[in-house]
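Everything below concerns the one structure shown next.
Predicted model, so just to flag it, every value in this text is computed and none were measured.
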Amino acid sequence: MDSVTLGLPSTVLVGRVMPKKTFYEHLATTAAIKEEFVGLIERFEIVAALKETSAHIPVGKKVAEVDVLGLYLRPVSDGVRKVPYGAIDLIAKSVPNKQLFACIADDAVKLLVKRDRIYETAWLPRGEVAVELRGANLDELWDSLSSQVVFGDSNPTDFTDRVERKNRIEALQKELVAIDKKRRNEKQVNRRNALFDRRRAIAAELSRLEGEL
């Protein structure tokens with residue numbers, strides 16, 4: 001399988017294959033995560049290293065380098081692509097550089113980043129996936145890359161606040177589903193009214209938050 005480059009400039013490309021055991025033999029792991037490395041990942045590659053000398057973007061206060069890691073997944077017979085979330089989480093927590101992960105399966109690519117949790121894109125056609133290098137320093141570049149995964153745009157501004165709003169929106173949406181289910185089953189009028197009031201308050205907050213994303 002040919003290497004992916006994600007449309008990155010040649011100055012940042014590395015294209016170096018790494019032995020998988022480098023990770024699961026030297027990092028504190030579990031049997032389940034080791035099985036992800038062995039059973040789900042066919043090849044592990046450092047696609048690119050984004051740092052001041054290669055990307056010509058100054059270091060930030062928090063970020064000195066962002067590595068782009070390619071995880072080439074093993075073919076599956078049932079057509080269901082299994083993402084090695086445990087392995088990705090382990091690498092993101094254990095390696096000092098920031099990581100943009102690219103899972104490659106057949107002709108599709110999924111991009112992932114670990115921030116407060118793992119965020120991911122949908123599976124995208126391999127030939128159409130490209131990332132933009134944007135930012136006045138590597139802190140902003142990291143936020144921009146993360147924004148491309150989380151929001152589908154390259155805006156690095158207020159990324160943390162935007163993610164907090166996104167997570168709040170998702171939590172409220174789940175609460176709405178639960179409230180609607182309770183209201184359908186609730187027989188007491190006063191409780192149904194209380195649930196309706198809560199639903200109305202959630203809807204108003206959702207409308208405000210969605211307008212701020």
Side-chain angles (χ1 to χ4, degrees), residues 6-9 12 47-71 83-103 109-124 128-181 195-213:
L6 304 179
L8 292 167
V12 304
V47 176
L50 310 177
K51 48 190 175 181
E52 186 169 11
T53 55
S54 63
H56 307 297
I57 298 175
V59 298
K61 293 181 179 180
K62 299 179 180 179
V63 181
E65 181 173 336
V66 180
D67 293 328
V68 182
L69 306 180
L71 282 64
V83 178
Y85 293 108
I88 289 170
D89 186 61
L90 175 67
I91 295 169
K93 290 189 298 187
S94 305
V95 176
N97 296 336
K98 302 300 183 184
Q99 316 288 334
L100 171 65
F101 296 91
C103 284
V109 175
K110 176 188 288 287
L111 300 179
L112 307 95
V113 291
K114 171 70 181 292
R115 300 288 302 217
D116 58 304
R117 60 182 173 90
I118 292 176
Y119 295 89
E120 61 190 314
T121 66
W123 285 102
L124 304 168
E128 299 177 12
V129 181
V131 295
E132 179 184 350
L133 301 186
R134 177 182 174 185
N137 54 52
L138 289 174
D139 289 349
E140 290 188 5
L141 173 64
W142 173 233
D143 284 346
S144 174
L145 292 171
S146 299
S147 183
Q148 290 173 62
V149 172
V150 180
F151 300 107
D153 64 55
S154 61
N155 180 15
T157 305
D158 298 327
F159 174 79
T160 300
D161 291 340
R162 293 172 72 201
V163 163
E164 288 178 356
R165 288 195 292 270
K166 175 183 173 61
N167 289 339
R168 177 61 176 163
I169 286 171
E170 291 176 353
L172 289 172
Q173 289 171 337
K174 289 180 181 178
E175 188 177 352
L176 270 185
V177 172
I179 285 175
D180 287 341
K181 182 177 180 180
L195 289 169
F196 177 79
D197 290 342
R198 176 57 185 157
R199 192 188 196 289
R200 185 167 53 187
I202 291 174
E205 185 176 357
L206 274 174
S207 179
R208 177 180 61 80
L209 290 171
E210 289 170 346
E212 294 175 354
L213 271 184

Testing the basics here: between Pro156 and Asp143, what is the closest heavy-atom pair and its distance to 0.1 Å?
O-CB, 3.8 Å
To the closest 0.5 Å, what do you measure between OG (Ser94) and CG (Asp89)?
8.5 Å
Nearest atoms (heavy-atom pairs only) where Arg115 meets Ser146:
NH1-OG, 3.0 Å
Within-4.5 Å side-chain heavy-atom neighbours: Ser144 and Glu132
no
Return the set of residues passing side-chain contact (heavy atoms from CB on, under 4.5 Å) with Asn167 (not counting sequence neighbours), or none when no residue passes.
Asp116, Arg117, Tyr119, Val163, Glu170
Partners of Lys98 by side-chain contact (heavy atoms from CB on, under 4.5 Å), sequence neighbours excluded?
Val63, Val66, Trp142
Please name the pair of heavy atoms, one in Gly135 and one in Ile57, separated by the smallest distance, quoted to 0.1 Å.
O-CG2, 3.8 Å
Please enumerate all residues that pass side-chain contact (heavy atoms from CB on, under 4.5 Å) together with Thr121, with sequence neighbours excluded.
Lys110, Leu111, Leu124, Val149
Any idea which heavy atoms bring Ala48 and Leu8 closest together, and the distance?
CB-CD1, 3.7 Å
Rounded at 0.5 Å granularity, tell me how far CZ in Arg199 sits from CG in Asp197.
12.5 Å
With rounding to the nearest 0.5 angstrom, report the NE2 to NZ distance, His56 to Lys51.
11.5 Å
How about Glu164 and Thr160: do any of their side-chain heavy atoms sit closer than 4.5 Å?
yes
Where do Gln148 and Ala130 come nearest, in terms of heavy atoms and distance?
OE1-O, 4.4 Å
Tell me, please, which residues at least two apart from Glu175 pass salt bridge (Lys or Arg N to Asp or Glu O under 4.0 Å).
Arg198
Among residues at least two apart in sequence or on other chains, which ones pass side chain to side chain donor-acceptor pair (under 3.5 Å) with Asp67?
Asn97
Under 6.0 Å from the NZ atom of Lys114, do we count more than 12 heavy atoms belonging to anything else shown?
yes
May I ask you to decide if Pro58's main-chain N or O and Asn137's side chain share a donor-acceptor pair within less than 3.5 Å?
no
So, taking the atom named CD in Glu65 and the one named CG in Leu138, what distance separates them when rounded to the nearest 0.5 Å?
8.5 Å
Please report the interatomic distance CZ(Arg165) to CG(Leu206), rounded to the nearest 0.5 Å.
13.5 Å
Do the side chain of Ser207 and the main chain of Ala204 share a donor and acceptor less than 3.5 angstrom apart?
no
Please check: side-chain N/O of Gln99 versus main-chain N/O of Leu69, any donor-acceptor pairing under 3.5 Å?
no
Please tell me if the side chains of Leu112 and Val83 come closer than 4.5 Å, counting only heavy atoms from C-beta onward.
yes
So do the side chains of Leu145 and Val113 get within less than 4.5 Å of each other, counting heavy atoms only?
no
About how many Å separate CZ of Arg162 and CD1 of Ile169, when rounded to the nearest 0.5 Å?
11.0 Å
Applying side-chain contact (heavy atoms from CB on, under 4.5 Å), name anything that partners Glu205, two or more places apart in sequence or on another chain.
Arg168, Leu172, Arg208, Leu209
Of the non-hydrogen atoms in Ala102 and Val109, which two are nearest, and what is the gap between them?
CB-CG1, 4.3 Å
So do Ile88 and Glu120 actually touch side chain to side chain, heavy atoms under 4.5 Å?
no
